[in-house]
Amino acid sequence: MKRIRTRFAPSPTGYMHIGNLRTALYAYLFAKSQGGDFILRIEDTDRARYVADAVDFIERTLAAAKIIPDEGPHHGGNFAPYVQSERMDIYKKYAEQLVADGHAYREDGAIRQKMPRVGETTFFDVLHGNITIANSELEDQVLLKSDGMPTYNFANVIDDHLMEVSHIIRGTEFITSTPKHVLLYEFFGWELPTFIHLAPVMGKADDGTVSKLSKRHGATSFNDLIEAGYLPEAITNYVALLGWSPKNSCQEIFSMDELIKNFSLDGLSKSPAVFDYAKLDWMSGEYFKAMTDENFAAVAEKYFVDFDAPKKIFLASLLKTRVAKLSEIPAMISFLKNLPPFDVELFTNKRNKLTPQKSAEILAPAIKILEQVDDWSLDALNEKISAFVAQSGLKVGAVMWPLRIALSMQKVTPGGVTEILYLLGKKISLERLNGALEKLT
RNA sequence: GGCGCCUUCGUCAAGUGGUUAAGACACCGCCCUCUCACGGCGGGUUCAAGGGUUCGAAUCCCUUAGGCGUCACCA
């Protein structure tokens, strides 16, 4: 049985589109699930589009996504170099051979492939079955450009053969050029690899229209998503399910190992999938909720205001069930650092039958009690407030509402009053409480 | 326009001639609850259209429509 070898062959553009990442992921998962090899090859044959440091960028992105090449520019391997611009001699040799054999010819300093005028070319695609295209649709494409660089359609065939790639996993945009590749394999007498053409990932624009994912759909690169505060694992997990689903299972949360274990080509979908932020948010939230408070505090650290270590861990416990992406955190906790402007309207709450005046009547005795609390811990605070509620004869909500407003000046807070008191500390809590009471009376 | 690919809830999708057409996200409702979340329970919405084939079709065939791709010395 032939060894399974797949490759991811991006051009170095300095931008890792989510659709590209998915292609890389599937190629990786398939290779690993079969005990095979995953190759990274850089297709930098277009000098005009070269972007400095792009190779580095691609490698870092794959590493962040835990897609680890077995072979590549900086991963070693027996088929180096893995950068096409360093393989020009190889392409030249094969192009010359084609010319000598009468399958190609020179024109304007370039070498063109000579296509058959009649007949048709058929190839097998794992997802789509046999695909047949009339040879008359094929043009005498350029193989070797006048600058000596090969075109994609040529280099790709040479390299996939030389690097012993067994399965070509790429986007559907290559379906119509595949017959040209197939003809080249035939000219050389090489064995055909197995083709798998993946449907594109679509994006939904603000106006609701669906089209191939691009920058106008907001953050659609792996990097943008990382910057928005999604975990790499969550992104990879979500992307894996955009066009693939496990057989005989409804599992949706997958670690990379589980993905490898469960991956199979027949779970691949042949129709386009729309990237859905709502589902990504849900999945991301699942990852956060599954984390320990310590781990969450560590990944969210840079979004936290300055608290001591125990409070950061505590804040993490509050936030991890409420966050879809880390960048939401500052807005959720900014009130802890800076109290929003006083707004008397907030003290009106009809569910608890509260008016500003009634709120003041509750605040005054509550402040008295809190002033006497020495042990400013969650348990102690909870106990004191509960006792106050019981003694006041009021409903819990009626007591908590004015306290929350006075402490945060917002209707919604992550966590309850006790939690906010604890995070704020005694001094600031009482300052805020007294400040509100003054303004209310 | 030629050629090619695609078409199951709003979205991701299971399904391969006989199912009450899974599940998830989102949405709605209820419960829990000091707010928001979390958690629990429940609900509505789907086979693009039209023809066949068949006792029986989301599943097979044809046509139409729509979407996408491709027709570069870009990949």
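Numbers restart at 1 for each chain; the letters A, B, ... are given by sequence-line order, proteins then strands.
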Nearest-angstrom distance from the residue atom OH of Tyr277(A) to C1' of C12(B) = 15 Å
inquiry  = Between Phe124(A) and Phe195(A) (judged by ring centroids, cut-off 6.0 Å), do the two rings come close enough to count as a pair?
reply    = no
key: Strand partner of U59(B), provided both Watson-Crick or wobble distances fall under 3.5 Å   = none
task = May I ask you to check whether Phe187(A) and Tyr185(A) place their ring centres under 6.0 Å from each other?
result = no
message = Please give the distance between the P atoms of C27(B) and C6(B) as a whole number of Å.
response = 33 Å
query = What's the closest nucleotide to the Thr321(A) side chain, out of G10(B), C38(B), C36(B)?
reply = C38(B)
task = May I ask you to say what Lys395(A) touches in the nucleic acid, namely base, sugar-phosphate or nothing, with a heavy-atom cut-off under 4.0 Å?
result = nothing
key: Distance in angstrom units between Leu242(A) CG and C12(B) P, rounded   = 8 Å
task = Please work out if Val274(A) contacts a base, only the sugar-phosphate, or nothing of the nucleic acid, heavy-atom cut-off 4.0 Å.
result = sugar-phosphate
inquiry  = Could you tell me how far apart Glu286(A) (CD) and G23(B) (P) are, to the nearest whole angstrom?
reply    = 18 Å
Shortest side-chain distance from Arg404(A), nucleotide among C34(B), C25(B), C6(B) = C34(B)
task = Tell me which of Leu280(A) and Ala398(A) sits closer to the 5' end of RNA chain B, going by the nucleotide each one is nearest to.
result = Leu280(A)
task = For Ser85(A) and Thr45(A), indicate whether the former's side chain and the latter's backbone hold a donor-acceptor pair under 3.5 Å.
result = no
query = Is there a Watson-Crick or G-U wobble partner for A72(B) with both distances under 3.5 Å, and which nucleotide is it?
reply = none
inquiry  = Using a distance-only criterion (donor-acceptor N/O pair, under 3.5 Å, no hydrogens), is the base of A24(B) paired with the side chain of Lys279(A)?
reply    = yes
task = Take Tyr91(A) and Asp159(A) through the test side-chain hydrogen bond (donor to acceptor under 3.5 Å, both in side chains) and record every step on the way to the result.
result = CA-CA 9 Å; Tyr91(A) 308 122; Asp159(A) 287 345; 2.5 Å; yes
task = Would you indicate what Thr418(A) reaches in the nucleic acid, counting non-hydrogen atoms under 4.0 angstrom: base, sugar-phosphate, or nothing?
result = base
request  = Pick out which of Thr172(A), Thr176(A), Thr178(A) makes a side chain to side chain donor-acceptor pair (under 3.5 Å) with His197(A).
outcome  = Thr178(A)
ask   = Using a cut-off of 4.0 Å between protein heavy atoms and nucleotide atoms, how would you tag nucleotides 62-75 of chain B 5' to 3' with B, S and -?
value = -------BSS-BBB
query = Given the side-chain rings of Tyr287(A) and Tyr230(A), with only the six-membered ring counted for Trp, is the space between their centroids under 6.0 Å?
reply = no
message = Taking the P atom in each of U54(B) and A14(B), what is the distance between them to the nearest angstrom?
response = 31 Å
message = Side-chain N or O of Thr413(A) versus OP1/OP2 of U35(B): is the shortest distance under 4.0 Å?
response = no
task = Once you apply the 3.5 Å cut-off to both distances, tell me the Watson-Crick or G-U wobble partner of C25(B), or none.
result = G10(B)
ask   = Is Ala273(A) touching bases, backbone alone, or none of the nucleic acid, heavy atoms closer than 4.0 Å?
value = sugar-phosphate
query = NA contact type, Trp401(A), heavy-atom cut-off 4.0 Å: base, sugar-phosphate, or nothing?
reply = nothing
ask   = Please give, in whole Å, the distance from U35(B) P to Ile333(A) CD1?
value = 22 Å
query = From G10(B), U35(B), C5(B), pick the nucleotide closest to the side chain of Val412(A)?
reply = U35(B)
ask   = In whole Å, what separates the P atom of A26(B) from that of C12(B)?
value = 15 Å
ask   = Can you check the Lys270(A) NZ to G4(B) C1' distance for me, whole Å?
value = 14 Å
request  = Determine the Euclidean distance between corresponding C1' atoms of A24(B) and C62(B); express it in Å to zero decimal places.
outcome  = 36 Å
P gap between A49(B) and C3(B), integer Å = 26 Å
ask   = Base, sugar-phosphate, or nothing for Lys289(A), non-hydrogen atoms under 4.0 angstrom?
value = sugar-phosphate
key: Check: Phe307(A) ring centroid to Phe314(A) ring centroid under 6.0 Å   = no
query = Glu252(A) CD to A14(B) P: how many Å, rounded?
reply = 12 Å
inquiry  = Give me the distance, rounded to whole Å, that separates U16(B) from G50(B) when you measure between the P atoms they each carry.
reply    = 24 Å
query = Mind checking the P distance from C36(B) to G29(B)? Whole angstroms is fine.
reply = 13 Å
query = Are any of the side-chain nitrogens in Asp56(A) or Arg60(A) under 4.0 Å away from the carboxylate oxygens of its partner?
reply = yes
ask   = Which one is paired to G39(B), where only Watson-Crick or G-U wobble pairs with both distances under 3.5 angstrom count?
value = C31(B)
task = Grab the CD-P distance between Glu419(A) and U33(B) for me, whole Å please.
result = 16 Å
ask   = Do Phe8(A) and Tyr28(A) have ring centres separated by under 6.0 Å?
value = no
message = If you take the centroid of each ring, where Trp contributes its six-membered ring, are Tyr152(A) and Phe174(A) closer together than 6.0 Å?
response = yes
request  = Pick the P atom in C5(B) and in G23(B), then give their distance to the nearest Å.
outcome  = 34 Å
query = Quick one: Asp281(A) CG to C38(B) P, roughly how many Å, whole number?
reply = 12 Å
